[in-house]
Amino acid sequence: MRAYGPERLHTIGIFGHLGSGKTTLAEAMLMTAHAIPRMGRVEDGSTMSDFDPDEHRRGMSVSLSVLPLEWNDDKINLIDTPGFADFAGDMAAAMRVIDGAIIVLDASAGVEVGTELVWEMAVHNKVPRILFVNKLDRDNANFYQVIEQARERLDAAVIPMQIPIGAGKDFKGLISLRQQRAWLVSPAHDGGFIEADVPAELDGLMHEWRTALIDKIAATNDDLIERYLEGGEDALTREELLLGLRAGIADGSIVPVFCGSASEVAGIQQLLNGIVDSIPSAARREVRATDLVSGEVVTLKPDAAEPVTALVFKTIADTYGKLSYFRVYSGQVQANSTLSNSRTRKDERIGHVYAICGKEQKDIESIGPGDIGVVTKLAETATNDTLCTPGRALQLEPIVFPAPAFIATVKPQSRADLDKLGSALSRMIEEDPTLVASRDPQTGETLLAGLGESHLQIVAERMKRKFDVSIEIDLPRIPYREAIRGRAEAQYRHKKQTGGAGQFADVSLRVEPLEPDPNREDPLEFVNEVVGGVISRGFMPAIEKGVREAMAEGLLTGSPLSDVRVAVFDGKEHPVDSKEIAFKIAGKEAFKLAAQKAGVYLMEPIYTLEIVVPDQYAGDIMSDMSTRRGRVLGMLPAGGGRTTISVQAPLAEIQRYATDLRAITQARGRFSMRFSHYEEVPGHLVDGIVAQHKKELETANAH
């Protein structure tokens, strides 16, 4: 494939709901452009984009893939993306680096959840959009119903560029509203078509939709609309209409709709022509970066003679190293050169540079502005980093990845797996920035947060396949805490005689609760109130150590006690037998007795959730939250027919909320959560939690 300048380069993302036909459309476009000799099948795992073993096993895309093709005198970099919300990280990465988006809709299903998700992403990133109504050859296909849905649920800017001839088994081809010609499906299903006159019975419908299209185009320019109102469409030239169309697509006031059938390779040439004609090329996409030295925002020129600025938008890690996918925004990335990472301020050696098509890599000399390439073995560079010419620290606008919504505990299956776990998790996080690993300081569990249960299950499978680390994914233990209700005193005497030197310590102490304070770092306030020297000052650290051990072990569920003031006020010691170990034991047991007298209760973590759902689901959300012991804090309109609901709920009730919210809202809801505070567990639930703790202890002791 020859080198192309930015004016001839288009990077186009293919998005849509799971099963809408994105990967099949990519295959049809590659075959139509003669980039591949025949189409692969998703069901067979033979497509260019779904090359990952996880994709073969599940029959769906789970990672983005780059698929370049040449069409006429232009190069189009297709980025095929997953359609399942658990893999929205790759959708976000693709959305950040594309010049335009094709959003695929199923002609029988219409606007689905995934359609709305990627639409919101495209609007946020200000990406020009094309809709492609796919599967017109399927039963129940209804092009006009899809258009109506898209206008209602996406944007009134949606307008067809084509209308179909027939539907389902009677689907025969398309009518171009701009050219007023019919394109009939080739019997060979090879991407070709037969041009013909518009069928007489569809002539009136064509003119109706053509008028609507020209109205949209004319409205993009004051001069056009004035002449159009005075002289009709004859007052506008073909070139003026094309320029108006491009302007409308670029600013989002026009969202053109193409249609066809990817599996029948129908309408694919027209879609490729529409991309080249309508979507701004890399040369026309203004890109800005922040100068990290001066703090100024600079506009980058897509010129090979400029200094290099490139964004790493995807990383693939394995035991042999890693691949870094990047898009060049200015300059040229040359093989055997040196670039600087603006985040780390360290230089990176660029060895081989590759053009990529699916899993295939081709060694090339350089990648120019507007194009996409891959480089291997970058030591300091991760996804979202900007690579620059040394001495020029620029930071491109980063990818905004979705926040994790599901947390699980990671349990290695063997000692060997435990030894390799940390390294494997680091590599997986390097590959997927939507993952977050942490360690719960209370339970000691290794936690992994992601976008959903399916997401983390695939991560587990990849860790086994890539790094030979076997893990189990499970719900984490709830980090309960214990606290005391009131003030109490207790005395404990530890006396042990074994024939030689004995042990003796007598400790009297008082416990009382402290007011909860989220800024308090130490759960214990320890005070020495002993007078008269009945206990030597040197034994106080041992008593405190015993108290801290008792607090860490808890009295009800093995959960730590917090917010306690302990004052040692009396005791006795022996001149020979008193030792630190004796006072540690006495302090521990005296604390337990005092805490039991004061009354111990269980506390649970409470989280604040911000839930955004379509208005029609707001009542269902509040009803569901009442069953989860949740408290609704407030409701606000979020725009676009959505409501934001603020709720506080116990962590124990919302561990699987990412999955449950999808079920309640047909996957149209989203949420974020953050820790708020601890509250007492209702009394009727405590016995069950205590019983479960005892059962776990018995099981652990049995093993």
Side-chain angles (χ1 to χ4, degrees), residues 52 62-66 79 81-82 87-98 125 287 289-290 292 308-331 333 337-354 356 361 367 372-390 392-404 410 420-439 446-451 455-456 458-459 462-463 466-467 469:
D52 189 286
V62 299
S63 299
L64 68 78
S65 55
V66 179
I79 302 184
T81 65
F87 311 107
D90 272 18
M91 299 181 207
M95 198 68 77
R96 171 63 185 81
V97 297
I98 57 176
N125 285 274
V287 178
T290 301
L292 297 182
V308 173
T309 313
L311 179 68
V312 176
F313 66 92
K314 174 72 176 175
T315 302
I316 296 180
D318 58 28
T319 52
Y320 304 104
K322 64 181 180 181
L323 298 175
S324 298
Y325 288 61
F326 61 89
R327 169 163 173 165
V328 182
Y329 287 95
S330 65
V333 175
S337 64
T338 299
L339 293 176
S340 177
N341 184 318
S342 64
R343 175 180 60 86
T344 64
R345 304 297 177 92
K346 294 183 178 180
D347 288 347
E348 289 277 23
R349 177 64 182 167
I350 307 297
H352 293 279
V353 174
Y354 300 96
I356 191 128
Q361 302 168 28
I367 297 286
I372 286 175
V374 169
V375 66
T376 61
K377 301 178 181 178
L378 296 182
E380 304 286 341
T381 298
T383 299
N384 245 343
D385 283 346
T386 302
L387 296 174
C388 304
T389 298
R392 186 175 185 249
L394 294 181
Q395 174 65 58
L396 288 159
E397 182 181 345
I399 304 160
V400 179
F401 287 103
V410 175
K420 296 184 288 185
L421 179 62
S423 173
L425 279 177
S426 295
R427 300 300 300 277
M428 293 307 301
I429 292 167
E430 189 175 38
E431 182 173 292
D432 186 349
T434 62
L435 296 172
V436 177
S438 61
R439 187 172 184 82
T446 299
L447 304 179
L448 187 63
L451 301 183
H455 183 202
L456 296 191
I458 284 186
V459 169
R462 285 181 171 175
M463 286 177 66
K466 290 187 172 187
F467 307 110
V469 176

Looking only at heavy atoms, what is the nearest atom pair of [X] and [Y], with distance?
X      : Y      : value
Ser337 : Arg349 : O-NH1, 3.4 Å
Ala93  : Phe313 : CB-O, 3.4 Å
Ala310 : Leu396 : C-CD1, 3.8 Å
Ser330 : Arg392 : OG-NH1, 4.2 Å
Ile98  : Arg327 : C-NH1, 4.1 Å
Glu430 : Thr315 : O-CB, 3.5 Å

Is there side-chain contact between [X] and [Y], with heavy atoms separated by less than 4.5 Å?
X      : Y      : result
Tyr329 : Val97  : yes
Ile372 : Ile79  : yes
Thr383 : Phe401 : yes
Leu425 : Met463 : yes
Asn341 : Leu378 : no
Leu394 : Ser342 : no
Leu448 : Leu456 : yes

Check: [Y] main-chain N/O paired with [X] side-chain donor or acceptor under 3.5 Å:
X      : Y      : answer
Arg96  : Glu397 : yes
Thr446 : Val410 : no
Thr81  : Leu64  : no
Asn384 : Ile399 : yes
Glu348 : Leu387 : no
Asp347 : Thr338 : no

- Message: Applying the side-chain contact (heavy atoms from CB on, under 4.5 Å) criterion to Thr386, which one of Leu292, Leu339, Val308, Thr309 satisfies it?
- Response: Thr309

- Query: salt bridge (charged side-chain N to carboxylate O under 4.0 Å, His left out) with Glu431: which of Lys322, Lys466, Lys314?
  - Reply: Lys466

- Let me see the working for Gln395 and Thr290 under side chain to side chain donor-acceptor pair (under 3.5 Å), right down to the final yes or no. CA-CA 5 Å; Gln395 174 65 58; Thr290 301; over 6 Å; no

- Query: Under the side chain to side chain contact (heavy atoms under 4.5 Å, CB included) criterion, do Tyr325 and Ile316 qualify, and how do the steps go?
  - Reply: CA-CA 8 Å; Tyr325 288 61; Ile316 296 180; 3.6 Å; yes

- Task: Before giving the answer on side chain to side chain contact (heavy atoms under 4.5 Å, CB included), spell out for Ile367 and Phe326 the whole-Å C-alpha distance, their side-chain angles and the decisive distance to 0.1 Å.
- Result: CA-CA 10 Å; Ile367 297 286; Phe326 61 89; 4.1 Å; yes

- Note on the structure: Residue set satisfying side-chain contact (heavy atoms from CB on, under 4.5 Å) with Pro402, at least two apart, ordered chain then number -> Ala88, Ala92, Thr434, Leu451

- Query: Which value, rounded to the nearest 0.5 Å, describes the distance between Leu323 atom CG and Gln361 atom CD?
  - Reply: 5.0 Å

- Message: Tell me every residue that passes salt bridge (charged side-chain N to carboxylate O under 4.0 Å, His left out) with Lys420, counting only those two or more places apart in sequence or in another chain.
- Response: Asp468

